[in-house]
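Let me begin by presenting the structure, written as C-alpha cells, before commenting on it.
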Amino acid sequence: MPETLRLCNRSAELSALIKRVAAARRFVVVTGAGISVNCGIPDFRSSQGIFRQIQEAHGDLVSSGRDLFDASVIFRSSETASIFYHWMTHLRHQCTDARPGAVHRFIRQLADRGALLRSYTQNIDGLERKAGLSVWDPYAEKGSHDYVSWQAAQSVPLHGSMEYLVCQLCSSSFGFSEKPGEGAMSAGDACPDCLARSDARAAHGRRTLPSGKLRPTVVLYEEPHPHCEDIARIISHDARTLASRRDQKATNVVLVFGTTLKVPGCRQLVKKLATASSDNTITILVNNEPVCGKSWDGVVDYQVIGNVEDWCRKIENQWNAQTKITRWTKTRKRNDTYTESKANKENPPPNASTREIAAKKRKATPPAGTDTESTDVYVDIVTIDTNELDQSESRAIKKPKKTPIYDDIDIPARRSLRIAEKRSLEDIGGASAHHPQVSIAICT
Ligand SMILES: [Zn+2]
C-alpha cells in the first residue's frame, strides 16, 4: 500500500514532501470531479449529485441516474434521448456560470512558472480554460480562436467537453450556445448541415434525407472514445518526457487530485505516467478519503488524505517561503516612453546602436489592456532557498537587496523565464490595498 499521510497531521514527513514538491522541476496533474465541486458544478455520484437528481425526476424511465449517460440506454427511445438533451443543456448553463477554484488557479500557477507539462482532467466543465490554460479540443476548427495543437496544449480533457455539439449522423460540429437566441445551437437540435443537404435535394425534386440530432461532445458510458488514439499519443509523449535523461537529477511530480480512480482509462493514465521514470518521478494522490490499496504499490508513492485546496495552499506557501523580492524599479510613465520609442522607430537618432534601439523598444511597448497613464513597477523575484535546486536554477540566484516600500507585500512566486506577465496588483491579494493603481511586471 502506498505511504499514507494525513494533511491535518503536521508530520516531518509531510513537510519534507511539501518541500520536495515545491522544488520540483516538472508536473503532470490529473484531476477528477472533486476539484470542481466548490465551483458550482455538481458531481455525479454523491447523494446530491446529478445521478441522484435524475433518478428522482425520471425514475419511471431509467433504473439509475447513470443510465442517462449510457449511450446504449439514451438513444433507445426518443423519450430518454430528449431527457438527456434537457439535462445536458441544464449542465451547460451550470458550466457557464461556474468559476475556477483554488485548484484550477494552482494549476495555472504551475503553468506560469513554466513547470506544467500537462494537466489531464476527467471533468467536462471547461474550468481549465476559464483559469487561463490552453485547452486541446479536437472539435475546435484549425485557425479558430479556440484551436490549440496538442503539443501546445496545457490541458487535455479526457472525456470531451461541453464547448461543442456534434451531429450524430454526419459528424458536423457546432459551438454549444450558452444562451438561446437566433442561430443558437443547443443539445437535441436538428443538424443544420443535414437540413441544408436535404433541402437542396428537395429543391431538385428528389426525396428528402433524414437529419441528425446534435449532442454535446462528451464521451458517454458504453461508447467508444472517438479520440482515444490522439489522447494515447499525448500520454506517450508526456511519459517519454518524464523519463528523459536530461531531467534525471530534477524531481518530476505526478499529482492526482479529487478522483477515486474508478474509471479504467484514468487508472491506466496514472499508471503509465507514474512508472515512466521510477527514479525521479514521484506520484502523489490527494483525496478526501483513502483510494489506493495494495494494487497501487509501486505506482502511487504517497497518498495524502485531506482537502485538495489545502494541499495546494501548502505548496504555494512553500513557494512564497522560498522567494524574496530583491528589486523594485519604477519606470517613467508609459505614455512618455511609448511616444519616444515610436519617434525613434520612425526616425532613429544618429549613431544609435541597434542594441540601444532594441532596448528602448522593449521598455516602451505598452501591454494590451493596461492603463497607459499608470506607472510600471518592475520586480525581480529570486529564489533564495537552494536546498532542492539543481545547478541551472542556482545560476539565477543574486544577492538580495531590501526595498523600503514593498517589503511586506506577500506576492506569489513566479520563476518562469518565458513569461513577462503583466497583471494588476489587485490580482495579487494584499498588495492592492497599498497601491491600487500600480500595475506590475514580474520579470525573473
Ligand atoms: Zn448532420
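In each ligand, atom 1 is the first atom listed, and ligand 1 is the first ligand listed.
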Query - Closest contact, heavy atoms only, Q122 versus G32 - result: OE1-CA, 3.7 Å

Query - Inter-residue atom distance D125.CG - E163.CD, 0.5 Å rounding - result: 10.0 Å

Query raised in the report: So, do Y139 and H227 have ring centers that fall under 6.0 Å from each other?
Result: yes

Query raised in the report: How about R26 and T241: do any of their side-chain heavy atoms sit closer than 4.5 Å?
Result: yes

Report summary line: When every non-hydrogen atom of D301 is compared with those of I282, the smallest separation belongs to OD2-CA, 3.3 Å

**Report entry** 2.8 Å shell around the Zn ion (ligand 1), exclusive bound, protein N/O/S atoms
**Finding:** 4

Report task. Return each pair, listed once, that meets ring-ring contact (aromatic ring centres under 6.0 Å, His included) where at least one residue sits in residues 147-181; pairs must be two or more places apart or across chains. Result -> W150-H237

